[in-house]
Visitor: 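Next up is a structure, given as structure tokens.
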Amino acid sequence: MVSDFLFTMKRTHTCGELVKKDVKKKVVLQGWVHKRRDHGGIIFIDLRDRYGLTQIVFDPKHEKKTHELADTLRREDVIEVEGKVRPRPKTMINKKLHTGEIEVIINRLDILNKAATPPIEVDDYKVANDDLRLRYRYLDLRRPMMQKFFIARHKATMAARNYLASQNFLEIETPFFVKSTPEGARDYIVPSRVNPGQFYSLPQSPQLYKQLLMVAGFDRYFQVVRCMRDEDLRIDRQPEFTQIDIEMTFAEQDDVLAAIEGTVKAIFKEAIGKNIKIPFKRMPYKESMDKYGTDKPDLRFGLELTEITEEAKESDYGIFKGAIKNKGIVKCIRVPVELSRKQIDDLTKFAQKFGAKGLSWMRITKKGPESSIVKYFGKKVLDKILKKAKAKPGTSLLFIADKPSIANDVLARIRLKFGEDLKLYNPKDHNFAWIVDYPLFEWNDEEKKWDPMHHIFSMPKKECLKYMDTDPGKVLASLYDLVLNGVELGSGSIRNHDPTLQEKSFKIIGLKKAEAEQKFGFLLEAFKYGAPPHAGFAIGYDRLVALMLGFLDIRDVIAFPKNKAAQCPMDGCPGPVEDQHLKDLNIKLDMPKKKK
RNA sequence: GCCUGAGUGGUUCAAUGGUAGAAUCUCUGACUGUCUAUCGGAGGGUUGCGGGUUCGAAUCCCGUCUUGGGCGCCA
């Protein structure tokens, strides 16, 4: 850490940089009183700034008046001190601190600002509850741990920018006031005063704009960009969040994946010094669904699922046969323990919570499979199932017979539960994977129509074009997701730059020509004038940084996040506005009456 | 909208239906080598709020508010 940048300032060093070689230097430090250890005579204070802690010493024998003033110091006072660096006695070296070999003996103390007693402690040992942390965020952010997170985030952002710039990507800003497209997530909207009755939307992503930048010939674009979605919050979902958004012209899928892999590698290297192996594993969507029941599998552990629909047909078990008759499947997971009755009861409740009708099970003991359903299976079929699922003594099988979506979802959740409960993985691992070859369309059973699985502007794979008219469910696209430890980190695709093909896609999802024209006309028009093939990706950046640092809560890497109700306990937003303000916008409130 | 957990000194937590405690913090005393200093003393509580049951409620019941996690939602 070099302090050249301080040359115009009164302080000569930060609180994180003085080491043995600085001994005898006369220094001026500024910072916050972190901890105070008063020995009656000598007083030690840990002086804190974002760079670290430095122990400063007030000795009555050294400078009596300064020592008396130091006696009045309390935590979080802001002070300036002048003194001399000296080595600590050998037995008093603090190995936990970078500055632990030295201390500064102080002869001058200026109290720059006394602090009122803080309502929460600025201390990583005792963290206040979420509400207070957000209410006094500026104090919470002073904690060394939080500062570390934001320093890491900054380094990560710089690494991404540098890497992408080195690969010829240009950072170009796209608008925040955009046209509303009422599909997918709910938009935040902003009234336009100069266009009465009209609204802007805040973007959920710069998707269409970055594609237009490709039409404009910028070749490679990126942006570290805020996106907004008016949906309910989760531990890894905030109403505004950051994406690293990229788009590339004349690029194949491998080019985009390589660009993202390079970015992620640079981020981990620069921010936490970790070398990540690239390229990441690639797994087709279908394989992921078959093996893990989800398109965002946590690959830090095994516990793969086994489908036994065919075998189940040969049984006399009514529940399995009934489900199969109903277009369902039978799938199971083998867990490496003999489950107790109580565990099975709990798992059944767990499964029902997520829509399963029930949970069938077999416990494999040394004597063979034990379960009330064993009797419905002939020995041959039973052996086939046990072999297929690799069920050995000391394991158990859990079966779900249901619609594929439910069987997969529930088993995927059970798999995660066992992975966590049995500690089948190292929580510090970072296991990246690409899920590729997604279907372009997904059947919406409730509305009896095709929905885009991800992104309607994606290019169908060449070999699938023949199914566009006959069987849209079979159409795979060059659509890819990045997954880290079971968390979706982003998605992208090769875009559809062919207007005719795009119209076909719209038609399949039931978007009428006029409607498409109204919503995306500007994009379709642009595509007429020489749109190059292009592809892109967007990384959920808050999630990436949080997972990189070893946790899931993205609020710890967002300086001023919202609470679960999308409010900020610090400034109190959202709040009402003045009547005149609403009048200027021609807006009248029509609030529902509160229930009594 | 639904499910589930929490709400007790400033803060973090404890307390079988029977005197609300501890640590930290604040103030204060002692102490010249600590490093989340240590050792004493003091201060600090309408147990979120409103009802109810009970001789007696932090504890049980009902309602309500705040907050965490999840489901729905997030193409």
Side-chain angles (χ1 to χ4, degrees), chain A residues 34-48 53-62 67 71-72 74-76 86 88-97 99-100 103 105 115-136 139-140 144 181-187 204-205 207 227-239 241 349-350 352-355 409 413 438 440-442 444 447 449-458 479 488 491 493 505 509-511 519 540 552-553 555 563-565 567 569 594-596:
Chain A
H34 186 60
K35 285 272 158 37
R36 174 167 153 270
R37 295 179 291 277
D38 182 349
H39 287 253
I42 201 161
I43 297 173
F44 298 104
I45 281 175
D46 289 333
L47 192 63
R48 187 194 71 237
L53 296 174
T54 296
Q55 173 164 290
I56 59 176
V57 186
F58 296 90
D59 190 333
K61 277 193 210 158
H62 182 76
H67 176 269
D71 208 36
T72 68
R74 291 298 178 269
R75 59 200 181 102
E76 300 309 310
R86 69 186 193 191
R88 295 196 192 191
K90 235 181 199 163
T91 50
M92 298 303 159
I93 287 171
N94 186 346
K95 285 180 181 163
K96 281 189 261 177
L97 290 183
T99 61
E103 62 193 11
I105 176 76
T117 303
I120 62 174
E121 290 175 41
V122 180
D123 193 337
D124 293 328
Y125 294 97
K126 192 159 96 185
V127 179
N129 76 41
D130 291 278
D131 192 34
L132 284 168
R133 285 181 64 195
L134 293 187
R135 167 113 172 67
Y136 301 102
L139 296 180
D140 186 51
T181 52
E183 307 222 332
R186 215 172 277 118
D187 290 331
Q204 300 175 26
S205 90
Q207 183 62 38
C227 304
M228 295 82 162
R229 290 181 190 174
D230 185 6
E231 294 291 347
D232 285 2
L233 290 79
R234 289 287 186 279
I235 196 158
D236 59 354
R237 269 170 30 193
Q238 281 276 309
F241 58 99
K349 273 181 210 149
F350 180 82
Q352 282 168 340
K353 205 172 121 189
F354 296 105
D409 180 53
R413 289 178 194 275
Y438 275 80
L440 187 51
F441 306 103
E442 184 176 35
N444 181 336
E447 294 176 45
K449 68 184 192 73
W450 291 102
D451 281 341
M453 187 131 182
H454 265 72
H455 181 327
I456 192 61
F457 300 104
S458 301
L479 259 167
E488 185 192 321
S491 56
S493 67
S505 283
I509 63 164
L511 194 62
K519 283 179 181 166
L552 203 58
D553 190 344
R555 286 174 304 189
N563 68 11
K564 216 198 165 199
Q567 305 154 337
K594 274 192 182 170
K595 282 179 210 165
K596 277 192 180 172

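Because the structure is predicted, anything quoted here is derived from the model rather than measured. Every chain is numbered from 1 and lettered A, B, ... according to where its sequence line falls, protein lines coming before strand lines.
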Visitor: Any strand is fair game: report the nucleotide pairing with B:U66 by Watson-Crick or G-U wobble, both distances under 3.5 Å, or none.
Guide: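 By the stated definition (distances under 3.5 Å), B:A6 pairs with B:U66.
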Visitor: With a 3.5 Å limit on both atom pairs, tell me what B:A37 is paired to, counting Watson-Crick and G-U wobble, or say none.
Guide: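 For B:A37, the partner nucleotide comes out as none, under the 3.5 Å rule.
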Visitor: Under 4.0 Å from OP1 or OP2 of B:U34: is there any side-chain N or O of A:R37 that close?
Guide: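 Looking at the OP1 and OP2 atoms of B:U34, neither is under 4.0 Å from any side-chain N or O of A:R37.
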Visitor: Provide the Watson-Crick or G-U wobble partner of B:A57, both distances under 3.5 Å; none if there is no partner.
Guide: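 In the structure as shown, B:A57 has no Watson-Crick or wobble partner.
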Visitor: Nearest to the A:K35 side chain among B:U28, B:C71, B:A37, which nucleotide is it?
Guide: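 Of the candidates, B:A37 comes closest.
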Visitor: Where the side chain of A:A128 is defined as all heavy atoms beyond and including C-beta, which of B:U67, B:U12, B:G33 is the nearest nucleotide?
Guide: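 The answer is B:U12.
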Visitor: Nearest nucleotide by nearest heavy atom, which residue falls closer to the 5' end of RNA chain B, A:E231 or A:D131?
Guide: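 Checking each residue's closest nucleotide, the 5'-ward one belongs to A:D131.
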Visitor: Please confirm whether the shortest side-chain N or O distance from A:R36 to OP1 or OP2 of B:U34 is below 4.0 Å.
Guide: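 A:R36 to B:U34 OP1/OP2: no side-chain N or O under 4.0 Å.
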Visitor: Counting the atoms with a prime plus P, OP1 and OP2 as sugar-phosphate, which does A:D232 contact under 4.0 Å by heavy atoms, base, sugar-phosphate, or nothing?
Guide: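 If one applies the 4.0 Å heavy-atom cut-off, A:D232 turns out to touch a base.
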Visitor: Is the shortest side-chain N/O distance from A:R555 to OP1 or OP2 of B:G69 below 4.0 Å?
Guide: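 For A:R555, the contact criterion (side-chain N or O under 4.0 Å from OP1 or OP2 of B:G69) is met.
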Visitor: With a 4.0 Å cutoff (strictly under), does any side-chain N or O of A:K96 reach OP1 or OP2 of B:U36?
Guide: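 Result: yes.
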Visitor: In whole Å, what separates the P atom of B:U46 from that of B:A20?
Guide: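 These two P atoms come out 14 Å apart once rounded.
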Visitor: Across the strands shown, which category fits A:E103 at heavy-atom distances under 4.0 angstrom: base, sugar-phosphate, nothing?
Guide: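 Base contact.
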Visitor: Could you check which nucleotide pairs with B:C71 in any of the strands shown, counting Watson-Crick or G-U wobble with both distances under 3.5 Å?
Guide: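 Its partner is B:G1.
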Visitor: Tell me what A:E76 touches on the nucleic acid: a base, only sugar-phosphate, or nothing, going by heavy atoms under 4.0 Å.
Guide: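 Touches nothing.
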Visitor: Between B:A15 and B:G56, how far apart are the two P atoms, rounded to whole Å?
Guide: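 Going atom to atom, P in each nucleotide, I get 25 Å.
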Visitor: Could you tell me how far B:C62 sits from B:U53 if I compare only their C1' atoms? Round to whole Å.
Guide: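 Roughly 11 Å separates the two C1' atoms.
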Visitor: Below the 4.0 Å mark, does B:G68 have OP1 or OP2 next to a side-chain nitrogen or oxygen of A:N129?
Guide: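 Result: no.
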Visitor: So, does the side chain of A:R234 form a donor-acceptor pair with the base of B:G72 at under 3.5 Å?
Guide: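 Checked by distance alone, the answer is yes.
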Visitor: Does the side-chain ring of A:H454 lie flat on the base of B:A75, meaning centres under 5.5 Å and planes less than 30 degrees apart?
Guide: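 Base of B:A75: not stacked against A:H454.
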